[in-house]
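Scroll down for the structure; my scribbles are underneath it.
Since this is a predicted model, take the numbers as computed values, not measurements. Below, each value reflects all heavy atoms present in this structure, side chains not excepted, and no hydrogens, waters or symmetry copies.
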Amino acid sequence: TVLETVIMGNKRLYEIMKEKDELYAKEDFTEEDGDRAGQLESEFAELNGWEAESDASKLIQGLGLSEDILYSQMATLSGNEKVKVLLAQALFGNPDIIMLDEPTNHLDIDAISWLEDFLADYFGTVLVVSHDRHFLNNVCTHIVDIDYTKIKMYVGNYEFWYESSQLMQRMIKNQNKKAEEKIKELQEFINRFSANKSKSKQATARRKLLDKLTVEEMPASSRKYPFIGFNMDRELGKDVLKVNGISKTVDGVKLLNNVSFTLSRTDKVAFIGESEQAITMLFKILAEEEEPDEGTIKWGVSTSRSYFPIDNSAYFNDNDESIVDWIRKYSTSEVTDTYLRGFLGKMLFSGDEIYKPVKVLSGGEKVRCMFSRMMLFGSNVIMLDRPTNHLDLESITAVNNGLRDFKGVVIFASHDHEIVQTVANRIIDIHLQFVRLFIDFNLVGLDAHHHIAQGRGIAGQVLQIGRAHV
């Protein structure tokens, strides 16, 4: 069962429970069995065995699953549910050391927020690998940088590591700057980060470590970042998009129900919701790859659009073209090989790599190709369905900066809290029963959704009109 799977996180407790069950199930229960049962009961109590079911329930519910699932068989669970159960197993039993490899994958917004809170105040040591920068910022006191053949540990969270390494690179290039000026600037930078107002145990520990940090211990990474930037060939007019009452049912399952909203030329919109399939279907309808069963969409006459689908296999499967030949197809004007070589070089495809067949590319390389394609279009509206899947932290940061700096309209869905928080100025929350719009709020991005879910409200404006209209 799910309960047994979670309790397996404490191997000794699980062994005791199984042995107890076997003893008590015996028909010829001997005096020796009674002595053994007494020993097991004593150790069971020491390991808080009587609280095991309650503790497992708290973990399961914190990760967004119903308490009722505890007595279900693992074989009956969906893939995402199994991931959450195995995560609960890793957290169960208050281990001294928790090791987590990409724990936020397949977690929804509220589950990630709960996990952040759980780990930030955890008494033990946490070792984590993650591409979620917001998660790393909230949880970590140290960053271990594995850079080619070198491994080095730095004080601070991911944001401190990233910004300080960028600052150090700029200073290394600026040889004319006096040493005293560099030291002063670096010390001011350290002081700014150490003044973290968060009260979590991790933030307090991190602040104390930063207070003791010397300039010589500052990170100086040699990591390379792709260039992702979007330019518009045409300015947007007043009207961008009107969606009126669209509904869609697939295989008997209703994904979208009477969805309406309007976008203007200054909007950068993040879509969130319970169903990822519903959001992907909405993107397909907006990209005119699917038709709604009911309702209409109307794009403004001045719009030009680029679409980044969650599944890009149709662009690469069984395609023998090289990267350079593949990208040449999407250029809107005649370009030379020299230009394309330089363009692809900025996307970290260097040397003979540009002649590699696209069908053998890794997931991250394919995503970089898709972004290269979009940048060549010069569109003023870009639509992206979870664009950071398969990307490393350097590429995710580049995507974040590119979307943030883009002057046109951005319509996107992402599990990356940092991207939503720094890019979106509107959030549209899609459910079957309603559509909610968050605008002009101070508590931005996914924090808004989390606070609504917890019944706390947000510092801004929420519009909910009718059953499923915004």
Report the residues that fulfil ring-ring contact (aromatic ring centres under 6.0 Å, His included) with [X], sequence neighbours left out, ordered by chain and then residue number.
| X | value |
| --- | --- |
| Y307 | none |
| F92 | none |
| Y14 | none |
| F412 | none |

Applying side-chain hydrogen bond (donor to acceptor under 3.5 Å, both in side chains), name anything that partners R133, two or more places apart in sequence or on another chain. N400, D416

Can you name the side-chain hydrogen bond (donor to acceptor under 3.5 Å, both in side chains) partners of K356, sequence neighbours left out? E365

Between S130 and D132, does any side-chain donor sit less than 3.5 Å from a side-chain acceptor? no

What pairs meet the salt bridge (Lys or Arg N to Asp or Glu O under 4.0 Å) rule with one or both residues in residues 74-91, with sequence neighbours excluded? K84-D108

In short, salt bridge (Lys or Arg N to Asp or Glu O under 4.0 Å) pairs touching residues 384-404 with sequence neighbours left out are R223-E394, E276-R386

Once salt bridge (Lys or Arg N to Asp or Glu O under 4.0 Å) is applied, do any residues pair with [X], and if so which ones, sequence neighbours excluded?
| X | answer |
| --- | --- |
| K26 | D33 |
| E353 | none |
| K248 | E290, D293 |
| E41 | K20 |

Counting N and O atoms only, with roles assigned by atom type, does the side chain of N425 sit under 3.5 Å from a partner on the main chain of K268, one being a donor and the other an acceptor? yes

Is the centre of the F227 ring less than 6.0 Å from the centre of the F371 ring? no

